[in-house]
Amino acid sequence: TTATLAAGDLVINGVSIDASRAADDTASDTTANSSSRSNSAISIAAAINRSSAQTGVAATANATTVTGTSTGAVAGTAAITINGVAISTVTVGAAPTAADIEAARTTAVDAINARSGQTGVTAADNGTSITLSAADGRNVAISVVEGAAGTAATIGLGGTTNIGIGVHAAHAVTASGTVTLSSARE
């Protein structure tokens, strides 16, 4: 996650940048306790851009990307929630084979992409796990409720530092995007 930009935290070309504002981001969901609109790449870029005339620097919000991890072969269920939207429950059968795990990962990717219009997040199978992306720089809050410990990692959404395990509002982990700065000045 990214911290909220406070007034004066950033100085560009001698100009102190104002605080990021939640009102600048109408895309990020805040149903997860860990998600704040004022710490999104959208809000931070907007704060920087409010001073562009003085600094000569413009900011662009980059896509927010989260990559899960994949370990083990645990049978069970994984109920996925992204940005406050219940996506799907993916089931991994008993004694899962590599083909079963790949099929479960494909099911999860398809389910996430089917709800991308609601979440602003798309999913891709990167060959070993799932990569989530919000192209507009909104925050990505994700949680997985596991029927058996390790099921999230089996389908490619493991990683306790970037994906919350448990009920969404309390346990979701939120990732924020980055910002690119550019200037026409030399």
With rounding to the nearest 0.5 angstrom, report the [atom1] to [atom2] distance, [X] to [Y].
X: D9; Y: S20; atom1: CG; atom2: OG; value: 8.5 Å
X: L5; Y: I17; atom1: CG; atom2: CD1; value: 8.0 Å
X: S28; Y: N39; atom1: OG; atom2: CG; value: 8.0 Å
X: S133; Y: I112; atom1: OG; atom2: CD1; value: 12.0 Å
X: R115; Y: T81; atom1: CZ; atom2: OG1; value: 10.0 Å
X: D125; Y: T107; atom1: CG; atom2: OG1; value: 11.0 Å

Is [Y] reachable from [X] through a run of I, L, V, M, F, W or Y residues, each pair having side-chain heavy atoms under 4.5 Å apart?
X: V144; Y: V85; result: yes
X: L10; Y: V15; result: no
X: L181; Y: I44; result: yes
X: I82; Y: I42; result: no
X: V92; Y: V109; result: yes

Hey, is the main chain of [Y] close enough, under 3.5 Å, to the side chain of [X] for a donor-acceptor pair?
X: T55; Y: N13; value: no
X: T77; Y: T89; value: no
X: S43; Y: R21; value: yes
X: N113; Y: A123; value: yes

Exercise for the section: Could you tell me whether the side chains of N62 and T178 share a donor-acceptor contact shorter than 3.5 Å? Expected result: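 Yes, side-chain donor-acceptor contact under 3.5 Å.
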Exercise for the section: Indicate whether the side chain of D100 and that of T97 have a donor and an acceptor atom separated by less than 3.5 Å. Expected result: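 Side-chain D/A pair, D100 to T97: present.
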Exercise for the section: With N83 as reference, evaluate L132, T30, D29 under the side-chain contact (heavy atoms from CB on, under 4.5 Å) test and give the passing residue. Expected result: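 It is D29; the other options fail the test.
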Exercise for the section: Report the residue from V145, I130, I155 that forms a side-chain contact (heavy atoms from CB on, under 4.5 Å) with I80. Expected result: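 The residue from V145, I130, I155 that satisfies side-chain contact (heavy atoms from CB on, under 4.5 Å) with I80 turns out to be I155.
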Exercise for the section: Compare all side-chain heavy atoms of I87 with those of T119 and state whether any distance is below 4.5 angstrom. Expected result: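 I87 reaches T119 side chain to side chain.
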Exercise for the section: Would you indicate whether the side-chain heavy atoms of T64 and N139 approach each other to under 4.5 Å? Expected result: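 Of all side-chain heavy-atom pairs linking T64 with N139, none is under 4.5 Å.
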Exercise for the section: Take S129 and T69 through the test side-chain contact (heavy atoms from CB on, under 4.5 Å) and record every step on the way to the result. Expected result: CA-CA 6 Å; S129 66; T69 59; 5.6 Å; no
On a heavy-atom basis, which atom in [X] and which in [Y] lie closest, and how many Å separate them?
X: A95; Y: A75; answer: N-CB, 4.4 Å
X: A45; Y: V179; answer: N-CG2, 4.1 Å
X: G56; Y: S183; answer: O-OG, 2.9 Å
X: S16; Y: G8; answer: OG-CA, 3.2 Å
X: A47; Y: A19; answer: CB-O, 3.8 Å

Problem - Residue pairs, two or more places apart or on separate chains, that pass salt bridge (Lys or Arg N to Asp or Glu O under 4.0 Å) and touch residues 40-57 - result: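 Qualifying pairs, neighbours excluded: D24-R50.
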